[in-house]
Structure formats: C-alpha cells, structure tokens
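Encoded as structure tokens, the structure appears first; notes follow it.
Proteins get letters first, then strands, A, B, ... in listed order; numbering begins at 1 in each. Atom set for the values below is all heavy atoms of this structure, side chains included, hydrogens, waters and symmetry mates excluded.
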Number of protein chains: 2
Amino acid sequence: MEGDAGRDLGCQKTMDGKVNEDSTQADIPPCCLKAGAFAPDPELEANCHATVVSGWFSEQRSSDDVAKQMYFNNPMWPGEVHSLAVEKILFKEKSDYQEVLVFESVTYGKVLVLDGILQLSVKDECAYQEMIAHLPLCSIKSPKNATVEFIRNIPEGKYDAIIVDSSDPVAGPAQELVERPFFEMLARALRPGGVLCNMAESMWLHTHLIQDMISVCQKIFKGSVHYAWTSVPTYPSGVIGYILCSTEGPPVDFRNPINPIEKLEGALDHHRELKFYNSQMHRAAFALPPFVRKEVKCLM
Amino acid sequence: MEGDAGRDLGCQKTMDGKVNEDSTQADIPPCCLKAGAFAPDPELEANCHATVVSGWFSEQRSSDDVAKQMYFNNPMWPGEVHSLAVEKILFKEKSDYQEVLVFESVTYGKVLVLDGILQLSVKDECAYQEMIAHLPLCSIKSPKNATVEFIRNIPEGKYDAIIVDSSDPVAGPAQELVERPFFEMLARALRPGGVLCNMAESMWLHTHLIQDMISVCQKIFKGSVHYAWTSVPTYPSGVIGYILCSTEGPPVDFRNPINPIEKLEGALDHHRELKFYNSQMHRAAFALPPFVRKEVKCLM
C-alpha cells in the first residue's frame with residue numbers, strides 16, 4: 001500500500017545500512033539522516049517509509065505521500081507538528097479499517113498510531129485513560145453499568161455511565177460523534193442522574209468545537225454540563241479535554257467526587273495503582289483559565 | 001554566521017521563488033517543500049537557513065548545522081521535537097549574547113526564540129507569565145518589593161517575593177541556577193515569610209531534576225516548599241513547573257491564596273484582564289499526579 005519513501009528520497013545510503021556515524025558530517029540528504037543519538041537499526045531503516053522517516057515519527061493525516069507526511073499536518077491542528085524519535089518499529093500493517101503502527105519511542109515508551117494519528121504512549125496514556133474513566137465514575141455513588149460501545153441498540157435508561165473515547169471529528173465516520181443525534185442517543189441510554197464523559201479536544205486549539213459540543217449537550221442533558229481538561233504531552237498542544245454531562249435526576253456534583261478513589265476499598269490491594277488520577281487531579285481538571293470561559297461563552 | 005542551508009540541501013527551486021503550487025507532486029527534496037496550506041513568501045524562502053527550514057521552525061540546541069537543526073534536538077528533551085509553521089520571519093540577529101529570532105507563527109501568533117529555544121508565543125505566554133507571577137504574589141498579603149534580577153548584591157531580608165524566570169540548566173551559565181548557592185542567595189534576600197517562585201521544568205520529563213531542586217530548597221527554605229505546574233502548549237511535553245518556597249516567618253499557604261486576584265481592587269477597571277490565571281487555576285496548579293509524588297520522593 002505504501003510507496004517506498006526511502007527510495008523516493010534518494011536515501012539508499014541509509015537504506016543499505018551504511019549510516020555515517022557522525023551524521024552531522026554526512027553528505028546524504030538530511031531528511032534521511034538518523035538522529036545521532038541512536039545507533040543504526042537495519043529494521044528501522046528498512047521501514048524508512050510513509051509514517052516514520054529517518055528515525056522520527058511525525059503526526060499527520062494521510063500517509064500516502066512523503067511530502068505530505070513531512071510537511072502537511074492534521075487539519076485539526078494546523079501549523080504544528082510533534083515528532084517522536086523512534087527506537088524500533090514493532091508492528092505496521094493495514095487492517096480492513098485502519099493503518100496500524102506500533103513503535104518503541106525513545107522518550108515515551110511504546111506508541112500506538114492509527115491512520116497516522118498518535119493514539120497513546122505507554123508513558124502518558126495514564127493521563128488520558130485514568131481521567132476519562134474516573135472523572136465520571138467517581139462522580140456517582142456505585143457505578144455498575146458502564147458502556148463504551150454498541151450504543152445504537154441499547155435499552156433506554158439502562159446505564160449509570162457512558163464513556164466515549166471518540167476519534168477527532170475530521171470528515172469521516174467520527175464527524176457524527178460531535179452532533180446532536182449522537183448525544184441524544186447517549187442521553188436516552190442513561191438512567192436518571194446517569195453520567196456521560198466524552199472526549200472534547202483541546203482548550204488551546206478547539207474552543208469553537210468545544211462551544212458547539214457544550215451548547216448541544218446543554219440542550220440535551222438536563223442535569224449538569226461541565227468541561228474538564230488534563231495534560232497529555234503526546235497530544236496536540238499537550239492537553240485533552242472532556243465534556244461531563246448528567247441527565248435529569250439525582251444531581252451530580254462533578255467537581256467534588258462523591259465516590260473518591262482514595263476511599264475505594266481494595267483498590268491498592270490489587271496492585272491496580274493509578275499513575276495519574278487522584279481526587280486532587282479530579283478537582284483540578286475543572287479549573288478553567290479565563291480565556292476558555294471567554295471563548296466558550298455557554299460555559300457556566 | 002549561518003550556512004546557506006537552503007543551497008546545501010539543493011533547494012534552489014524554492015530559493016528562487018518558483019514553488020510548485022501542488023507540492024505533493026513536486027520533485028524537489030521534500031525537506032525544502034513549503035507546507036501547502038501557506039502561500040509562498042519570498043522573504044521567508046530567503047531565510048531558508050539554520051532555525052527555520054521550509055516554512056517550519058523546530059526547536060533545537062545548536063543552529064550551526066542543518067542536519068543538527070532537523071534531527072538533533074535538545075538534551076533537556078531528547079527524542080521529541082515540536083515544530084511550528086512559520087508565516088513570516090520578523091527579526092533574526094545575533095546579539096552579543098544570543099541568537100534572537102522572532103517570527104509570526106501560523107497557530108500561536110508571534111514567537112520569540114533565543115539560541116534556538118522557544119521562549120514564548122503570543123498565544124500561550126499568558127500561561128507561563130501569569131502563573132509565575134501570581135502564584136507567589138497572591139500567596140502573600142500585600143507584596144510591595146519583588147525582584148527578578150541583580151540579586152547578587154541585594155541587601156539581606158529586603159524582598160517580599162522573588163520570581164526567577166530562569167533558563168534550562170543545560171551546560172553553561174544557567175547551570176548554577178539550580179544549585180545550592182543560588183538558592184541560598186535568594187533565601188537571604190527574602191524577608192521572613194517571603195516567597196520564591198522559580199521555574200522548575202516539566203513533571204513529565206524532569207522528575208530527577210525536580211527532585212534535586214526540591215531537596216536543595218527544603219534544606220534552605222524553612223517555611224514551605226511546593227511544586228506547581230501548568231499547561232504551556234509550546235513548551236516540551238506541554239507543561240511547565242514552578243517551585244514555590246517561603247522563608248521562616250509568618251506561614252505561607254501557597255495552595256490557598258490569601259490575596260485572591262478576584263478581590264484585587266481595580267484589576268479589571270484598568271483593562272489588565274488576565275487570560276489564564278484565576279484563583280481556581282492557582283489551586284489546581286498544586287494538584288500532582290501520583291506518578292510525580294512517587295518519582296519526586298521528597299515532595300510532601
């Protein structure tokens with residue numbers, strides 16, 4: 001499926017494994033130099049293709065074209081690119097649905113990439129995952145029924161909590177995940193006083209989108225609607241946000257967890273130690289800078 | 001001072017201004033293609049040199065070498081590079097002390113770079129600056145004397161607050177800014193119950209360094225020592241931290257500002273509206289993920 005980007009770039013000198021040790025002195029194209037700090041790796045070099053070039057992964061939208069891959073970036077975050085040094089490519093294949101890439105990075109451990117978009121790294125996945133799960137689940141008393149999938153045909157009023165770890169709403173199937181019918185479906189599936197936590201982009205880059213989502217949710221969720229955020233270094237602008245909503249019913253005070261993780265019996269006994277989430281981080285996630293309140297007018 | 005990186009890369013096709021409109025189809029080296037989203041800019045192309053190549057700025061340590069600039073990055077944050085699309089270079093000159101670069105970025109407004117290291121952008125400087133100033137100043141009752149410079153010869157016990165916006169402690173003059181004699185000097189200059197706010201790197205990348213700084217400060221500052229952090233998208237890993245210390249004397253409760261900005265008379269009247277800081281953000285800054293407390297053992 002992929003062009004041999006390495007050859008297109010004229011990087012046979014790296015492709016054949018003869019990498020100049022002191023690459024600052026090399027006369028091969030800089031786009032095909034490996035970072036000097038890392039030893040040459042033949043397997044890595046053989047993968048000098050669409051998404052990893054010269055030992056660096058750069059986030060992108062489409063991986064068909066080398067030029068695109070190096071200098072055209074995602075429409076969701078134009079004008080910036082975060083690149084990670086690659087120690088070893090572990091897996092790369094095109095499934096029926098997505099192009100899947102897994103690599104060992106130099107700083108962030110193993111990294112999963114789908115269709116050129118970084119999904120998670122071992123080092124910082126704790127921030128996104130622990131927050132998206134615990135922000136809603138620690139905000140209700142005794143969550144039993146939670147779902148993340150197959151919500152189209154679920155019975156009305158069934159769930160205590162729904163967690164939506166959606167894709168970015170660029171053109172394609174993910175688009176509908178920020179639209180009204182989707183949120184109506186979620187609200188219907190929740191019990192009275194049930195909670196939704198939905199991925200909601202970056203407060204630095206997407207206040208227009210956050211405004212749209214919040215205003216749709218305020219119409220549909222008659223309990224409360226809040227925005228929270230946390231730090232995720234490998235995501236664009238270094239943060240990710242969540243919309244927290246509750247349906248009409250027993251009131252939910254998202255900002256003060258009624259079900260604090262510290263009091264959860266046996267949580268530590270089972271070595272299920274959290275790396276990122278605690279009740280302090282929970283409360284802090286709802287603190288918003290003045291510029292966010294100014295740009296997202298519908299936030300209370 | 002700089003080599004003509006453009007020519008070295010064989011990018012005359014962009015240097016002479018004839019940029020292929022659809023650069024995905026171009027046969028010039030991808031390292032010299034401009035991002036398709038931005039119109040060709042002759043002035044920018046003429047600056048196809050050390051720190052900006054092909055319309056993108058990438059953070060780096062040394063700007064003497066194109067290969068270095070593209071693939072060798074800062075020893076403080078190895079294995080990752082954040083790149084910003086450049087709309088226009090506004091200023092570039094080598095002063096007696098530093099190489100100064102100012103450019104208009106596509107996403108973050110004007111950006112200041114010193115010796116290849118991004119210092120601030122118009123879009124997110126509010127986060128770093130407002131937090132470094134207000135975290136200490138809102139933690140004491142009526143700050144009158146604050147300083148950021150010339151502390152070597154200042155009288156003992158003079159200052160209510162000292163704010164240190166230091167460079168990263170890579171080899172060079174900044175190294176001493178994380179060492180014991182420096183903090184002793186600061187402590188001496190503060191009145192009893194006076195406060196220090198010192199830049200303290202990233203909790204994601206530099207827990208070893210944070211551990212060192214905190215443990216030095218705990219020996220010197222007999223009041224309290226805390227770590228706080230906030231989101232700054234254009235800094236490595238998207239966060240920056242601060243060490244907050246107070247000297248022996250009236251106790252300082254950094255986590256609950258005694259002098260809340262919202263109550264400051266006339267702050268809004270003078271159109272000195274803050275974009276990032278408020279008392280919510282102040283309190284949130286002290287929330288630390290479990291992994292930080294685990295890695296920075298001396299934190300209380």
Side-chain angles (χ1 to χ4, degrees), chain A residues 9 23-24 26 29-31 33-37 54-56 58 65-68 70-73 77-85 105-108 123-124 126-127 202 204-205 229 231-233 235 237-239 273-278 280-281 283-291 294, chain B residues 9 23-24 26 29-31 33-37 54-56 58 65-68 70-73 77-85 105-108 123-124 126-127 202 204-205 229 231-233 235 237-239 273-278 280-281 283-291 294:
Chain A
L9 282 167
S23 45
T24 62
C31 50
L33 287 177
K34 272 178 66 73
S54 316
W56 287 83
S58 295
D65 189 292
V66 174
K68 240 184 201 166
M70 292 188 73
Y71 298 109
F72 287 57
N73 63 330
W77 42 93
E80 62 182 313
V81 172
H82 191 225
S83 307
L84 295 179
S105 71
V106 170
T107 322
Y108 289 92
K123 188 177 173 90
D124 70 359
C126 57
S202 158
W204 287 104
L205 303 176
W229 65 277
S231 155
V232 185
Y235 286 177
S237 81
V239 297
E273 210 179 313
L274 295 169
K275 289 189 215 164
F276 194 84
Y277 179 90
N278 56 29
Q280 267 196 338
M281 294 300 288
R283 283 192 201 90
F286 293 90
L288 298 179
F291 86 87
K294 194 172 176 185
Chain B
L9 282 166
S23 42
T24 62
C31 51
L33 287 177
K34 273 178 65 71
S54 315
W56 288 82
S58 296
D65 188 291
V66 174
K68 240 183 203 166
M70 292 186 74
Y71 298 106
F72 289 54
N73 64 329
W77 42 93
E80 63 181 314
V81 172
H82 191 223
S83 307
L84 295 179
S105 71
V106 169
T107 323
Y108 288 91
K123 189 178 173 87
D124 69 2
C126 57
S202 159
W204 286 104
L205 303 175
W229 64 279
S231 154
V232 185
Y235 286 176
S237 80
V239 297
E273 209 177 313
L274 295 169
K275 287 188 215 166
F276 194 83
Y277 179 89
N278 56 30
Q280 268 196 335
M281 294 300 289
R283 284 192 200 90
F286 293 89
L288 299 180
F291 86 87
K294 195 173 175 182

(message) Tell me the closest heavy-atom pair linking A:Pro78 and B:Thr107, and the distance in Å.
(response) O-OG1, 2.6 Å
(message) Over 60° means perpendicular and under 30° means parallel, so tell me whether B:His82 and A:His82 are parallel, tilted or perpendicular.
(response) perpendicular
(request) Side-chain contact test, heavy atoms from C-beta onward, threshold under 4.5 Å: evaluate it for A:Val232 versus B:Trp204 and give yes or no. (result) no
(request) Search all heavy atoms of B:Pro290 against all heavy atoms of A:Leu274 and return the closest pair with its distance. (result) CB-O, 3.4 Å
(message) Heavy-atom cut-off 4.5 Å, strictly under: side chain, backbone, both or neither for B:Phe276 against chain A?
(response) both
(request) Quick one: pull up CZ in B:Arg283 and CZ in A:Arg283 and give me the separation to the nearest 0.5 Å. (result) 12.0 Å
(request) Quick one: which of A:Ser202, A:Gly238, A:Ser231 has the most heavy-atom pairs under 4.5 Å with chain B, could you say? (result) A:Ser231
(request) Could you tell me which portion of A:Lys294 (side chain, backbone, both or neither) has an atom closer than 4.5 angstrom to a non-hydrogen atom of chain B? (result) side chain
(message) Once rounded to the nearest 0.5 Å, what's the spacing between atom OH of B:Tyr108 and atom CG of A:Leu205?
(response) 4.5 Å
(request) List the atom of B:Pro289, the atom of A:Met281, and the distance in Å for their closest heavy-atom pair. (result) N-SD, 3.6 Å
(message) For chain B, which candidate among A:Ser105, A:Ala285, A:Cys126, A:Ala287 shows the most heavy-atom pairs at distances under 4.5 Å?
(response) A:Ala287
